[in-house]
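For reference, the structure discussed in these notes is given below.
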Protein chains: 4
Amino acid sequence: MAGSSQSLTRSPRPDNRRELLLDAAARLFSDEGFHAASMRDIAKAAGMLSGSIYYHFESKEELLLAIYEEGARRLAEAVENAIARETDPWARLEAACAAHLGGLIAHRDYARVMIQTPPDAGGSVESRIRDLRRRYEARFRALIEALPAPGDIDRRYLRMLLFGALNWSPVWFRPERDSPETVAKQFIAMLRRSLN
Amino acid sequence: MAGSSQSLTRSPRPDNRRELLLDAAARLFSDEGFHAASMRDIAKAAGMLSGSIYYHFESKEELLLAIYEEGARRLAEAVENAIARETDPWARLEAACAAHLGGLIAHRDYARVMIQTPPDAGGSVESRIRDLRRRYEARFRALIEALPAPGDIDRRYLRMLLFGALNWSPVWFRPERDSPETVAKQFIAMLRRSLN
Amino acid sequence: MAGSSQSLTRSPRPDNRRELLLDAAARLFSDEGFHAASMRDIAKAAGMLSGSIYYHFESKEELLLAIYEEGARRLAEAVENAIARETDPWARLEAACAAHLGGLIAHRDYARVMIQTPPDAGGSVESRIRDLRRRYEARFRALIEALPAPGDIDRRYLRMLLFGALNWSPVWFRPERDSPETVAKQFIAMLRRSLN
Amino acid sequence: MAGSSQSLTRSPRPDNRRELLLDAAARLFSDEGFHAASMRDIAKAAGMLSGSIYYHFESKEELLLAIYEEGARRLAEAVENAIARETDPWARLEAACAAHLGGLIAHRDYARVMIQTPPDAGGSVESRIRDLRRRYEARFRALIEALPAPGDIDRRYLRMLLFGALNWSPVWFRPERDSPETVAKQFIAMLRRSLN
DNA sequence: AATGAATGAGTGTTCATTCAT
DNA sequence: AATGAATGAACACTCATTCAT
């Protein structure tokens, strides 16, 4: 009785400490890089001491992995929702690009961690991160495969051109200047013509 | 006989220690990142002790800057030579791209350090690095400005598309599979059509 | 029995780690000088590792400052108590000198750090140390100002004579040979006559 | 023939490099302390590289010893000349004090190194430094012993009072404000009265 | 008489991590 | 769920010193 009433009155927020920590880490990882951001700084930004992080995460690398997972989940969800509304292959690709770019604004820190983290970083969680990356990119790969009529253009280089541009966008994208839809429309417009 | 010939070919370390150090640092910075690569590791890779580095470079950041400078110098030289041979704006841009991609193969570590180093990293040498980056990118900016007939495509997004693809290329470019000339030709072909 | 008494006397390190560290640092700073004493040595003398110091003190200089503060606090307290018991200006000055010399015995290491640390040492904590020094010396300055009848003697040089002797005393003072009261009485006797 | 003519034309300055080095070291030792002053800094201040010092001095400690010796020599010479002109014991002591204080101005860096160097610093040259110090102080000890009529004042404390004041004088002595003769006259005036 | 280049131990400090409480 | 306190290895960097030239 006492126990149940206690569990009802206490802690109005279930596990928001983990989220807080994730947000703080995402910001520091994306701003300063994985190695330059210290557990102390992350803890301080989340309002706790560095040792306390280890109640929520086993290690710094697991923290990175969790951010990567969360970032991939959010971006994938946005892309999924966007392409579900379109049927034309080019429209689907453009919607995916717009959703990806939109995700960079909405989830800036998580997205930048995803993109900046080199494929060989992360030590013990390296393979799991590579998996997430591959799975996320697979969506775009499929969307490009679904395009009609390659013509004399190698589909692979088309993919690399688009991938590169999307992944590099955090460097130059400014929400106050660029809109995800406009950028996506322009990118697709340039490439679309090359396949007709 | 052996003695005299030896005295001619002697001097096992004339003045190439600085270069050796630069090469080792470039490899480690590009493989593991600036912060993850330690001065001890760099020194060991160059066959000396960590303290000895400081005879040649004032700090780790100065080492990074030196690599950046050398990388920018080599890539710029390659690009300069390439575009000097062409007059047509599109041909010049394609030659520049091929030279840039070729430089990624010839000077892989230096080039990757240049590209991976985020614009806000580097502490005290940050501004000098940003300068080098800007100067190198200015070449491509000029080449794109020189293109005829923008049409309904925003030149800025064309530049971002190409920049992104070029800068991302170290991630996917494999010399045994991709040739700089082929990639450049395909990239330019895709974009050229969009402006006619 | 043994168990319960043990649980009462337990806690081998309650919160005296900071004090322990301060004592160790004071001894090493006073014996070898600020620069010659290493954080590793200080830590070892306090029974911990060098990194552990930084949980208690932000830097070596903050450690110096803390010692200086503690030393100044103890000496000032002793002097304050001593002069409070006297009303005659000369008796007050003599009591202050005796208390100062007595403090050199009771808090030898702290006092020697105070006196040996040159006014221009200490880097970032320099100004705070200078402040402490000035405040401590102000007591003696005031006591000397309160003396009657300067005569043809410049009060400033009287102060310098006494200051110098007091500050130099750690060099020659030996508790087994000199008593604070005797030394103070002799010093004051010599100077008192010069003002009548 | 070639040799002798060479030795005549070359090097118009016989061994001024050693002096230059000594001056530079004295300044740095006195300004920053023995441990804080590095051989690199000393060398740079003397216009050479750190390794070159070792042609002139066997070690950093030998450099310290040399400065101490030179300082003691200069001060002793000044004191000797000064007391030779006086016959009255008090006049001789006052002349010695004035000469000592005058030496602090004329040979500021050397004198400060002498006074600031704690008796236990210097490692292998420690005993030789202690010797020099003792020998210098012996002069003053003898001058005080030569004073007439101790009265009820312990001669030892008179010596400590004067020694302390003289040794502490670098802390407060400012040539633009204090003259060696005035300070010496005032100091001696205060003490003289106490022995009559 | 001095240099260029290096050494290896040492500096103060920070790191991710642990663990009893 | 988090803290206070510590660990031990690592960090970038500096040190006095050496030595072939």
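In the text below, chain A, chain B and the rest are named by the order of the sequence lines, each starting its count at 1. Please read these numbers as outputs of a predicted model, since none were measured by experiment.
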| Contact nearer the 5' end of DNA chain F, comparing B:Met39 with C:Leu49 | C:Leu49
| Any side-chain heavy atom of B:Arg112 sitting closer than 4.5 Å to one from B:Phe29? |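 Answer no - side chains too far apart.
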| task | Just call it for C:Ala37: base, sugar-phosphate, or nothing, with non-hydrogen atoms closer than 4.0 Å on any strand. | result | sugar-phosphate
| request: For E:dA1, give its Watson-Crick or G-U wobble partner with both distances under 3.5 Å, or none. | output: none
| Who is the Watson-Crick or G-U wobble partner of F:dA10, with both distances under 3.5 Å? |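 Pairing partner, where one exists within any strand: E:dT13.
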Atom-pair distance ([atom1] on [X]; [atom2] on [N]), nearest Å:
X: D:Phe57; N: E:dA1; atom1: CZ; atom2: C1'; answer: 14 Å
X: C:Lys44; N: F:dA6; atom1: NZ; atom2: C1'; answer: 18 Å
X: A:Phe29; N: E:dA16; atom1: CZ; atom2: C1'; answer: 11 Å
X: B:His35; N: E:dA16; atom1: NE2; atom2: P; answer: 12 Å
X: C:Leu21; N: F:dA5; atom1: CG; atom2: P; answer: 12 Å
X: A:Asn16; N: F:dA2; atom1: CG; atom2: C1'; answer: 14 Å
X: D:Leu20; N: E:dA1; atom1: CG; atom2: C1'; answer: 14 Å
X: D:Leu64; N: F:dA16; atom1: CG; atom2: C1'; answer: 14 Å

Which nucleotide, [options], lies nearest any side-chain atom of [X]?
X: A:Met48; options: F:dT7, F:dA2, F:dC13; value: F:dA2
X: C:Ser50; options: E:dT13, F:dT7, E:dT17; value: E:dT13
X: D:Tyr54; options: E:dT3, E:dA16, F:dT17; value: F:dT17

| To the nearest 0.5 Å, what is the distance between CZ (D:Arg40) and CG (D:Leu28)? |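 Rounded to the nearest 0.5 Å, the CZ-CG separation comes out at 14.0 Å.
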| said: If you count every heavy atom of other residues, nucleotides or ligands that lies below 6.0 Å from A:Arg74 atom CZ, does the total exceed 12? | reply: yes
| 5'-most by nearest nucleotide on DNA chain E - A:Asp41 or B:Ile53 |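 Result of the comparison: B:Ile53.
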| Quick one: on DNA chain E, does A:Ala36 or A:Glu58 contact a more 5' nucleotide (nearest heavy atom)? |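 Final value for this comparison: A:Ala36.
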Kindly say if [X] contacts the phosphate of [N], meaning a side-chain N or O under 4.0 Å from OP1 or OP2.
X: C:Ser52; N: F:dT7; result: yes
X: D:His56; N: E:dA2; result: yes
X: B:Ser38; N: F:dC11; result: yes
X: A:Tyr55; N: F:dA2; result: no
X: A:Arg17; N: F:dA2; result: yes

| said: How close do B:Ala26 and B:Val113 get, counting heavy atoms only, and between which atoms? | reply: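 The pair with the smallest heavy-atom distance is O-CG2, 3.6 Å.
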| task | Answer yes if the side chains of D:Arg18 and D:His56 hold a donor-acceptor pair under 3.5 Å, and no otherwise. | result |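 Side-chain D/A pair, D:Arg18 to D:His56: absent.
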| field | Quiz item: C:Arg40 side-chain donor-acceptor pair to E:dG10 base, under 3.5 Å | value | no
| field | Derivation of the salt bridge (Lys or Arg N to Asp or Glu O under 4.0 Å) call for A:Arg128 and A:Glu62 | value | CA-CA 10 Å; A:Arg128 282 186 282 172; A:Glu62 291 287 343; 3.0 Å; yes
